[in-house]
Amino acid sequence: MPEQIQRKLLIIDGNSLLNRAFYALPPLTNRDGEHTNAIYGFLTMLFKAVEEVKPDHAAVAFDLKAPTFRHDTYTEYKAGRKKMPMELAEQIEPLKEILDAMGLYRIQMEGFEADDLIGTLARMAESDGMTVAIVSGDRDVLQLVTEQTQVMITKKGITQMDVYDPDRFTEEYGIPVERFIDLKGLMGDSSDNIPGIPGVGPKTATKLLQEFGTIENLLEQSEAISNKKLKEKVDGHRQEAVLSKKLATIITNIPIELKMDDLRLGELSNPEVAALFRRLEFNSLLERISAPADFKSEKTADKHLWPEMTTIEALQELDGQVQQHQEITWYTLTDTNAEGWPSPVAAAFTIDGNTGWWLDCRNGSYVALARAWIIKWLGDPSILKKVHDLKLEKRAWGTVQIPFNGAPFDVMIADYLINPSKAAYDLEALSLHYDGQKVVTSKELWGTGLKRKKQTELDMEAMVAYLVQRTALIHRLTPELKRQLQELEMLSLYESVEMPLAFVLAEMESEGIELDAALLKDFEITYAKRIDDLIKQVHEVAGTEFNLNSTKQLGEVLFVRLNLPPVKKTKTGYSTDVAVLEKLKNEHAIIPLILEYRQMTKIKSTYIDGLLAIVNAGTGRIHSTFHQTVAATGRISSADPNLQNIPVRTEMGRQLRRVFVAREGWQLIDADYSQIELRIMAHLSGDPGFIKAFKEEADIHTRTAAEIFQVSEESVTGEMRSSAKAVNFGIIYGISDFGLSNNLNISRQQARLYIDDYLHRYASVKTYMDEMVTRARDKGYVTTLLHRIRYIPEINSKNFNLRSFGERMAMNTPIQGSAADIIKVAMVRVADELKKGNYQARLILQVHDELIVEAPPEEVEPVSLLLRQAMEEAAELSVPLKVDLSVATNWFDAK
DNA sequence: TACAATTGCAA
DNA sequence: TATTGCAATTGTA
């Protein structure tokens, strides 16, 4: 026989619990002065009840002000009741708002009391075969107790409850629960102004009922009452007894039009609830609804009912539903496979977010089929696709080369655009932020460090919970994220730039760049030898062996043993950075050796060894990851390895670029924007001097030097130019005299003079910078050319350092961010044009203002043209965008 | 094993 | 006390 799952209905007596909570708790208000104690107490009791009862259905019943049939029957009904205090009355509506947000069924009807609704619901549920739990602070509802229905009455305080079933009732009251209404009929109820029989209290009433059973019997056989005085009382108030019983009887057959299914209980917590809790300052309750994800709890149990896809038919059914509903949400658990590529471990799919399927990819069955569906969905513009991290999905499923139609909605990127300053955009963070809820984390699923599980060792239950939670989350968050993008006017940035860019980045990652491994090996040997020599020499000169990599030990040797003058301190000891060492260069023969050691080890460990360790064995190429949701300004970042910080400034470092090569017979086309940030500054500030300079193709730093040093361009010396260059950079970064003095090794006063001269000459720049700071202060954020936003809360800080930092961000972000906007547009266009022109050439690298394309020789010419055009026309500014372009077989020669 | 601190590479 | 990043290494919790 199949196991019957017992369904449970929880009914809350709304007014009664609210009253209890109000009088049980001291007054509480939030900072707006709203009273909150009753709501807080109510919710505490509600959570407690849900926890104990574990219902799958629930309803909350309320009274309305309107008179009920009981008033018609007995005009004195509930007369003399104290009016509800204002402080309580004002809490009813907010509570109802919360209950609605929780998706709890709220029931109230004119002409009936909450008790009657509760009774009716209870009987309906019983006849559906359900069990019922009623929570109230009012003992009247005890009459509803049956074998199927238990009643929980709050004790003193708000967390303790007495639970009544028929036995417990009889034990306490000495009569069967069916006689409860007779008891009330005899006793009356002063709080409801129900008369009963005067002089008959609980003791007497119980005794009478034990003897006669019901009021009707008692009245019929009143002759048999032995106590003469009591008999007189009963006979004298027969009508009152009958009326009182009638008033006390809860009606259980109100015609209510609802199905049990309407009462189905979902997740109580969601963004709306969290927001309401935040408004009311229910911090402990907020924590409660974001309690650690317990994937084994009842709460999420039904979600585990998503079946596993084990047949082709299931996959076909999924696709059928996708076609029918024209949408699909999916999420893939990925891992790095033996070849070093992201690959699917398992995935889940849903149409409506409530139910779906999950697919185990580990044994390979149906993976190809699932992949085929994903390809089909990606290619169908009419199907709405909701995902998290599309770039990873594309790579994991091996669909990078597959063309797409109709932009998918990527909640990760959407969240980033809405607030680019967050620390993380994984679904763990998303869930916490928007739902106030925890999901099974990656750490929890995989374990960490040496204990990290293999794919085959994953806990199945945890894995399914992981998939289901996340897939449902993506589905649930999509509308809200979309709405916010629209509100912030970033839909176009999202649809036309960021989303297509995700596809381009996926291609770049999987394409990679070739390394000349043999050359790199040569470097390795040369560097190892030289470093070894240097270590020996340093130890000899120092007269002691120590770890040269340790700043602590080095500081000890330099400033204690060798008695060199300490130049600068860090918070933990002596500073030994390059600026310090440069100042000591002539003080001791050890210093130049250390400087060379530093330079060589930097290159060897980070670049030579680092790159050798990460070359893909299969392709012989480097496949960096381009992060689209890391930099708060909108830039892309590169990691594992970082290809955006390959040395170029020193000759020795620069040589390293020879190992980055085009594939056999092909060429690298390197195109970089000339002075893009200063051009953007010219555009944004509208400064006539700058605009003119760029229109005339002047050397901008020389021109700046001529302006601020008041000389002709011909007489600008190299030193003047580099000072001007430093000032130009400083301006972009949000200048300070201290920063510039540090950078140029000049006095702060001198730096101040440079800056003042500059801002005097370029007054529009000053106006523009001031405007950005003011705007950030007033609105809380700044924006870029394409409406990318960045909030700057620091700008109103009382802390000087923090505030200053905020001001520099306000000045720099529109410039750096707009440059990011522009090159992103260019990348999308380049990739698009290459595809349209059927070129073999592909974009393989981006370094903020530089794009590198790998092309076969016959395509170099047309692709160079296409590349330059796409980049120079990526934005229409009041100054031209200029691109420098160069072609070679390796990155060193292409620069 | 995880994290902070220092250092240094790029735009 | 100049903007945005990533990473190697040491040393400590």
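Keep in mind the model is a prediction, meaning the values are calculated, not measured. Each chain gets a letter, A, B and so on, in the order the sequences are listed, and its residues count up from 1.
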Does [X] put a side-chain nitrogen or oxygen below 4.0 Å from OP1 or OP2 of [N]?
X: Arg635(A); N: dA11(B); answer: no
X: Ser575(A); N: dT7(B); answer: yes
X: Thr576(A); N: dT6(B); answer: no
X: Lys552(A); N: dT12(C); answer: yes
X: Asn547(A); N: dT10(C); answer: yes
X: Ser637(A); N: dC6(C); answer: yes
X: Gln644(A); N: dT4(C); answer: no
X: Lys602(A); N: dT7(B); answer: no
X: Asn645(A); N: dC6(C); answer: no
X: Ser550(A); N: dG11(C); answer: yes
X: Thr572(A); N: dT6(B); answer: yes
X: Thr570(A); N: dT6(B); answer: yes
X: Arg790(A); N: dT4(C); answer: yes
X: Arg649(A); N: dC9(B); answer: no

How close or far is atom [atom2] of [N] from atom [atom1] of [X], stated in whole angstroms?
X: Ile823(A); N: dT4(C); atom1: CD1; atom2: P; result: 19 Å
X: Ile614(A); N: dA8(C); atom1: CD1; atom2: P; result: 8 Å
X: Phe546(A); N: dT9(C); atom1: CZ; atom2: P; result: 17 Å
X: Tyr673(A); N: dA10(B); atom1: OH; atom2: C1'; result: 19 Å
X: Ile531(A); N: dA8(C); atom1: CD1; atom2: C1'; result: 13 Å
X: Met681(A); N: dA11(B); atom1: CE; atom2: C1'; result: 17 Å
X: Asn642(A); N: dT4(C); atom1: CG; atom2: P; result: 16 Å
X: Met871(A); N: dA11(B); atom1: CE; atom2: P; result: 14 Å

Side chains of [X] and [Y]: is there a donor and an acceptor less than 3.5 Å apart?
X: Gln628(A); Y: Glu498(A); value: yes
X: Thr702(A); Y: Arg721(A); value: yes
X: Ser741(A); Y: Arg752(A); value: no
X: Thr813(A); Y: Arg790(A); value: yes
X: Asn645(A); Y: Tyr607(A); value: yes
X: Glu850(A); Y: Gln846(A); value: no

Where the side chain of [X] is defined as all heavy atoms beyond and including C-beta, which of [options] is the nearest nucleotide?
X: Val578(A); options: dA11(B), dG8(B), dA2(C); value: dG8(B)
X: Ala639(A); options: dA11(B), dA7(C), dT3(C); value: dA7(C)
X: Pro647(A); options: dA2(C), dT10(C), dA10(B); value: dA10(B)
X: Thr551(A); options: dA11(B), dA7(C), dT6(B); value: dT6(B)
X: Ser736(A); options: dT1(B), dC9(B), dA2(C); value: dA2(C)
X: Asp577(A); options: dG8(B), dT9(C), dA11(B); value: dG8(B)
X: Arg598(A); options: dG8(B), dA2(C), dT3(C); value: dG8(B)

For a quick check of understanding: with a heavy-atom distance under 4.0 Å over all strands, which category does [X] fall into, base, sugar-phosphate or nothing?
X: Gln553(A); value: sugar-phosphate
X: Ile731(A); value: nothing
X: Met811(A); value: nothing
X: Ser804(A); value: nothing
X: Ala820(A); value: nothing
X: Gly730(A); value: base
X: Ser741(A); value: nothing
X: Ile732(A); value: nothing
X: Ala726(A); value: base
X: Phe805(A); value: sugar-phosphate
X: Asp672(A); value: nothing

I need the Leu515(A) CG to Arg658(A) CZ distance, nearest 0.5 Å.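 Taking CG in Leu515(A) and CZ in Arg658(A), the distance rounds to 15.0 Å.
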
When rounded to the nearest 0.5 angstrom, what is the spacing between OG1 in Thr783(A) and CE in Met490(A)?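 One finds 10.0 Å between OG1 of Thr783(A) and CE of Met490(A).
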
Is there a donor and acceptor pair, one atom on the side chain of Asn743(A) and one on the base of dA2(C), closer than 3.5 Å?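 A donor-acceptor contact between them is present.
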
Is it the case that dT4(C) (base atoms only) and Gln816(A) (side chain only) share a donor and an acceptor within less than 3.5 Å, ignoring hydrogens and angles?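 No, no donor-acceptor pair under 3.5 Å.
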
Would you please test Arg761(A) and Asp757(A) for salt bridge (charged side-chain N to carboxylate O under 4.0 Å, His left out) and show each step? CA-CA 6 Å; Arg761(A) 177 60 192 82; Asp757(A) 282 351; over 6 Å; no

For DNA chain C, report each stem as range with range, ordered by first number, or say none. Use Watson-Crick or G-U wobble pairs under 3.5 Å, at least 3 in a row.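 Listed by first number, the stems are B:1-11 with C:3-13.
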
Could you tell me whether the side chain of Ile594(A) reaches within less than 4.5 Å of the side chain of Leu558(A), counting heavy atoms only?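 Yes; the side chains approach each other to less than 4.5 Å.
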
Could you walk me through whether Tyr758(A) and Tyr762(A) pass ring pair (Phe, Tyr, Trp, His ring centres under 6.0 Å), step by step? CA-CA 6 Å; Tyr758(A) 185 104; Tyr762(A) 300 112; 5.0 Å; yes

